[in-house]
Amino acid sequence: MTGVAALSVYTGAILVGALAGGALPLFASVRRSDLLLSFSAGVMLGAAFFHMLPEAVEQGGSAVVPFVLVGFLVLYLAERFVLVHVCAEPGPNRRLSTAGAPLPHHEDEHEHDHGAHADPDGTGCDVHTLGLAAWLGMSAHTLVDGFALGAASVTPELGLLVFLAILAHKVPNSFSLSAILLSEGYSRGKAVAMNAAFALMVPVGAGLYVLLRETADGGKFTSLALAASAGTFLHLSLSDILPDLHRRGESRWRLSAALVAGLAVMGALTLLRHDH
């Protein structure tokens, strides 16, 4: 299977998985799995350290390593100053864990426009993401994931591993988005449409990588893109997923075991690359 064909299959599978995950809180009383999120964080860390970065160095030499920091900082700064950070993606806010149930009324609710919402879960994460803002922030992250998938798919084995890492993250991601939209009063039809647009950012990001590669030195661009994508994976796992999970009341041992399991799976899969 050619690189483009594999990329098409991967983006299609992620699209289906994201739509399925997004449908769960819309049509069934299903709770988000923190264990899966912790596992996906381990998978993303393992993909970055065991696969993406070594492949980038193999293709472009040690000069590509600083681009890991570039990828990390670009996503951090975009989230800090441009995007609305979705602290509830996939974090502790009851907007997600209740899968659309209305939140209790707070006396200071009228002060929303001044950023004075209380933290309903005592997690230190203010409620500051609503509807469209949540969709925009999460879609931007998904666009970055698609770009990373495009860069990784140049190497068949690496493409498969990065696909699995993104799929493990996108299913609970889309669940979170649907729960936020429901809690904000969006209709099921509109929530489904926005989830579909959110999921389509994966093929859009992958297509963006392909277009940029055609206008640049393919080999050099791919190695730099892989290094930068490893940096974005580190940011998503270390700055988004894990801090939110740490604030939850779930078993620390179980969440830690799931994280280590994700890392172990990616570590074991290094044998797949070494056998080829």
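Every value quoted in this text rests on a predicted model; they were computed, and no experiment measured them.
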S.K.: Would you check if the side chain of His51 reaches a backbone N or O of Met266 as a donor-acceptor pair within less than 3.5 Å?
M.R.: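 Yes, His51 side chain to Met266 backbone: donor-acceptor pair under 3.5 Å.
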S.K.: For a 4.5 angstrom cut-off between non-hydrogen side-chain atoms, does Leu149 reach Ile14?
M.R.: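 Result yes, sub-4.5 Å side-chain heavy-atom pair found.
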S.K.: Ser38: what forms a side-chain contact (heavy atoms from CB on, under 4.5 Å) with it, not counting sequence neighbours?
M.R.: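 Ser38: side-chain contact (heavy atoms from CB on, under 4.5 Å) contacts with Leu245, Leu255, Ala258, Leu259.
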S.K.: Quick one: does Val154's side chain get under 4.5 Å of Arg213's, heavy atoms only?
M.R.: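 The answer is yes; the side chains approach within 4.5 Å.
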S.K.: Test your reading of the model: is there a side-chain donor-acceptor pair from Ser153 to the backbone of Gly150, 3.5 Å cut-off?
M.R.: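 Looks like no, no N/O pair under 3.5 Å.
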S.K.: For a 4.5 angstrom cut-off between non-hydrogen side-chain atoms, does Ser139 reach Leu143?
M.R.: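 Not touching, per the 4.5 Å side-chain cut-off.
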S.K.: Between Ser174 (side chain) and Gly22 (backbone), is there a donor-acceptor pair under 3.5 Å?
M.R.: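 Yes; judged by distance alone, with no hydrogens or angles, the pair exists.
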S.K.: Quick one: does any side-chain atom of Thr215 pair with a main-chain N or O of Leu212 as donor and acceptor, under 3.5 Å?
M.R.: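 Between the backbone of Leu212 and the side chain of Thr215 there is a qualifying donor-acceptor contact (under 3.5 Å).
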S.K.: Within the structure provided, determine whether Thr155 and Gln59 are in side-chain contact (heavy-atom separation under 4.5 Å).
M.R.: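 They are in contact (side-chain heavy atoms under 4.5 Å apart), so the answer is yes.
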S.K.: Does any part of the side chain of Phe39, heavy atoms only, come nearer than 4.5 Å to the side chain of Leu35, both counted from C-beta?
M.R.: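 When only atoms from C-beta onward are counted, Phe39 and Leu35 do not touch, as no gap falls below 4.5 Å.
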S.K.: Quick one: do Thr232 and Phe147 satisfy side-chain contact (heavy atoms from CB on, under 4.5 Å)? Show the steps, please.
M.R.: CA-CA 10 Å; Thr232 65; Phe147 187 89; over 6 Å; no
S.K.: Nearest 0.5 Å, please: how far is CG in Leu226 from CE in Met52?
M.R.: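 Rounded to the nearest 0.5 Å, the CE-CG separation comes to 6.0 Å.
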S.K.: Under 4.5 Å between any side-chain heavy atoms of Val210 and Leu7, yes or no?
M.R.: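 Yes, close enough: below the 4.5 Å cut-off.
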S.K.: May I ask you to decide if His169's main-chain N or O and Ser40's side chain share a donor-acceptor pair within less than 3.5 Å?
M.R.: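 No.
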S.K.: Mark yes or no for whether Ser239, through its side chain, and Leu236, through its backbone, hold a donor-acceptor pair below 3.5 Å.
M.R.: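 No; judged by distance alone, with no hydrogens or angles, the pair does not exist.
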S.K.: Judged by atom type as modelled, is there a donor-acceptor pair below 3.5 Å linking the side chain of Ser187 to the main-chain atoms of Lys190?
M.R.: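 Yes.
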S.K.: For the residue pair Phe72 and His235, categorise the inter-ring angle as parallel (less than 30°), tilted (30 to 60°) or perpendicular (more than 60°).
M.R.: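 If you compare the ring of Phe72 with that of His235, the planes turn out perpendicular.
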S.K.: Between the main-chain N or O of Met194 and the side-chain N or O of Trp135, is there a donor-acceptor pair closer than 3.5 Å?
M.R.: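 Such a contact is found between Trp135 side chain and Met194 backbone.
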S.K.: Report the C-alpha separation of Tyr209 and Thr222 in whole Å, then their side-chain angles, then the decisive distance to 0.1 Å, and conclude whether the side-chain contact (heavy atoms from CB on, under 4.5 Å) test is met.
M.R.: CA-CA 9 Å; Tyr209 165 79; Thr222 297; 2.5 Å; yes
S.K.: Do Phe233 and Val162 come within less than 4.5 Å of each other through their side chains, counting heavy atoms only?
M.R.: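 Yes - at least one pair of side-chain heavy atoms lies under 4.5 Å apart.
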S.K.: Do Met44 and Leu234 have side-chain heavy atoms sitting under 4.5 Å apart?
M.R.: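 Sidechains of Leu234 and Met44: no contact.
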